[in-house]
Amino acid sequence: MLEIDNLTHVYGEGPTRHHAIDGLNLSVAEGELLCIVGPSGCGKSTLLRSIAGLIKPTGGTIKVQGELVRQTPANLAVVFQDYSRSLFPWMSVADNVALPLRRKDMTKQQRREAAHEALESVGLAEAGRKYPFQLSGGMQQRVSIARALAYRPALMLMDEPFGSVDAQTREDLEDLVLKVRGHHQMTIVLITHDIDESVYVGDRVVVLSKAPAHVVGDLKVELPSPRDQISSREHPDFVHLRAEVGRLVRGVASV
Amino acid sequence: MIKTLVKRLWLVPVALVAWELITRAVDDPFMPRPTVIVARMYEMWFSGPLILTDEAVDNFAPSIIRLVGSWGVAVALGIALGVAIGRTAWLSDYIDPLVEFARAVPPPVMFPVFLVLFTMGTQVQVATIVFGIIWPILLNSIDGARNVDRLQIETATVFGVPASLRLVRIILPAASPKIFAGLRLSVSLALILMIVSELKGATDGIGYLLASASDRSDMPALWGGVVVLGVLGYVLNTLFLMVERRMLTWHRGARRTA
């Protein structure tokens, strides 16, 4: 589904030169929910922006469904951390969700229905006519998830999607992601700096090193499903895995 | 509703009465009484078969058409050029200094130049108004288009929003608070330049009426023109604010909660 081969990226040159990613290899299977964790500033966002075709990496290749990424692949959607800037404040919630569908071969009526359906699946069926500023932060992030879902991507990238909401909302949104992935056949790559979150949400957790980033750990998460905020987090495997990931993130690998 | 109107407007009749009393006391032919001015305005302009007299129709209409037409031209040109410059890095590097220079020229200064350059009449007037009011629109459009949030552009890129749609649904709305700030300035400037451009070389228009009343030392007619201009400016500004309020509802809402 997603193949990253020897990815390298360097920003700028001279004294401001920043080596963000160094020889990163990663492959993600169809339908997988992969969490990528790493210390702050390690190049996670650079990785995501490279996959999304928003920046051109200085070296290596990225393939989505066998196609080399040169610009944003048509079957890819992104949920950004900063929902307040990524949602368009001058459009109603429904228009925000429906706008990306303009490139698809759909009538106005079909677009409207698809937007409504997506909003319904994130629990915001009634909010279509509102404007983003009339919603809470957590609800706004639900809207951007709905926008990505309505687009029906094969690959959904999520860049620290729950980094700007409170703890309770965060748990709700984590469960929302687990719920919607069951309904939609898609591969999800979720970037986070939260170790517990990566283990709770992911099928697999990949740990990146400090910049320049490369893969230092790749762990399979085999927790009983459906996952549950209380019982999954007290499961011995969860406790063991989060310790493992924690050590890897801090750079004291034990394996 | 009525209470707030009374609260906001009570000073107007008070000022009018004071004006009447002062002009009666001073009794200067250059300071005619408001009642005289109103009587004169009625006789000249508002006593026609359909309220307006021929003189009113023949002079008010051309002025308003020039004003609105020139404003429309300046708005279309200013926004189109501004967005093009603001969204194209190399273009703005070249053009910025030129724009900074051109807008520093006081607009009325160009009027005599245009008098020579263009055919006397509407051409000169339109050129004067457009040249005078385009700068705030252009500069604000450049600024607004240049500073569209990068994440908004990236979101459009990721979701494959086509270029034309991106302009209409993303760049223009994102720049609109800035653009409207420029438009607001241009409305009042347009009225000033309309009058300036009609004072010389015109054969009709409110400015022409003012100039000829001044030549005849006809003070009530001159003051009548001033009153008409005041009302016109007030109406235009009110209309503009109504449109702005509608278009920027989202902006005020987003700022309040931010």
Side-chain angles (χ1 to χ4, degrees), chain A residues 45 48-55 69-93 95-104 111 130-137 139-140 143-144 146-153 155-159, chain B residues 75 79 82-83 86-87 89 140-141 143-184 240-258:
Chain A
S45 284
L48 179 130
R49 295 161 62 80
S50 304
I51 301 172
L54 291 171
I55 51 175
V69 173
R70 287 198 187 83
Q71 51 191 23
T72 310
N75 51 7
L76 180 148
V78 181
V79 176
F80 292 98
Q81 173 181 2
D82 200 344
Y83 47 79
S84 65
R85 288 165 58 217
S86 158
L87 292 178
F88 302 113
W90 50 85
M91 285 182 209
S92 70
V93 162
D95 283 349
N96 263 290
V97 175
L99 181 74
L101 306 177
R102 291 287 280 263
R103 76 184 298 185
K104 307 206 169 195
R111 291 199 298 266
K130 292 194 172 160
Y131 282 83
F133 70 84
Q134 295 170 306
L135 305 178
S136 70
M139 284 157 99
Q140 289 185 42
V143 175
S144 22
R147 175 169 66 183
L149 291 177
Y151 197 61
R152 301 210 166 273
L155 175 61
M156 178 156 91
L157 304 179
M158 306 182 87
D159 185 9
Chain B
V75 169
I79 295 178
V83 171
R87 295 305 308 165
N140 279 284
S141 303
D143 195 27
R146 186 179 290 159
N147 295 315
V148 177
D149 194 319
R150 201 184 62 168
L151 191 58
Q152 290 177 344
I153 299 289
E154 286 181 351
T155 303
T157 307
V158 162
F159 288 107
V161 179
S164 57
L165 204 58
R166 191 182 298 205
L167 176 69
V168 178
R169 296 298 308 269
I170 292 163
I171 292 170
L172 282 178
S176 62
K178 273 272 154 69
I179 292 176
F180 269 97
L183 295 182
R184 207 177 312 138
F240 177 81
L241 288 179
M242 276 165 58
V243 174
E244 185 186 58
R245 191 172 290 255
R246 249 195 99 74
M247 301 277 286
L248 295 185
T249 312
W250 63 269
H251 184 60
R252 284 195 318 259
R255 269 218 314 227
R256 213 171 25 237
T257 49

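Here is how names work: the chains are called A, B, and so on, in the same order as the sequence lines, proteins then strands, and each is numbered from 1.
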Asker: With rounding to the nearest 0.5 Å, note down the distance linking CZ in A:Arg49 to CD in B:Glu154.
Answerer: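 It comes to 4.0 Å.
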
Asker: What part of B:Ile170 gets within 4.5 angstrom of chain A, counting heavy atoms only: side chain, backbone, both, or neither?
Answerer: both

Asker: Looking at OG1 of B:Thr155 and OH of A:Tyr83, how far apart are the two atoms once the value is rounded to the nearest 0.5 Å?
Answerer: 14.5 Å

Asker: Let me know if B:Leu165 has heavy atoms under 4.5 Å from chain A in its side chain, its backbone, both or neither.
Answerer: side chain

Asker: Around B:Met247, counting heavy atoms of other residues, nucleotides and ligands shown, do more than 12 lie under 6.0 Å from its CE?
Answerer: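 Check fails, neighbour count at 12 or below.
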
Asker: Is there a donor-acceptor contact under 3.5 Å from the side chain of A:Trp90 to the main chain of B:Arg169?
Answerer: yes

Asker: Would you please test B:Leu151 and A:Phe80 for side chain to side chain contact (heavy atoms under 4.5 Å, CB included) and show each step?
Answerer: CA-CA 9 Å; B:Leu151 191 58; A:Phe80 292 98; 3.6 Å; yes

Asker: Starting at CZ of B:Phe159, measure out to CZ of A:Arg103 and round the result to the nearest 0.5 Å.
Answerer: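 Result: 10.5 Å between the selected atoms.
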
Asker: Would you find more than 12 non-hydrogen atoms of other residues, nucleotides or ligands less than 6.0 Å from A:Arg152 atom CZ?
Answerer: no

Asker: Measuring heavy-atom distances to chain A, does B:Val161 have an atom under 4.5 Å in its side chain, in its backbone, in both, or in neither?
Answerer: side chain

Asker: What is the distance from atom OG of A:Ser92 to atom CH2 of B:Trp250, rounded to the nearest 0.5 Å?
Answerer: 14.0 Å

Asker: Tell me, for A:Asp95 versus chain B, whether the close heavy atoms (under 4.5 Å) come from the side chain, the backbone, both or neither.
Answerer: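 Interface part for A:Asp95: side chain.
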
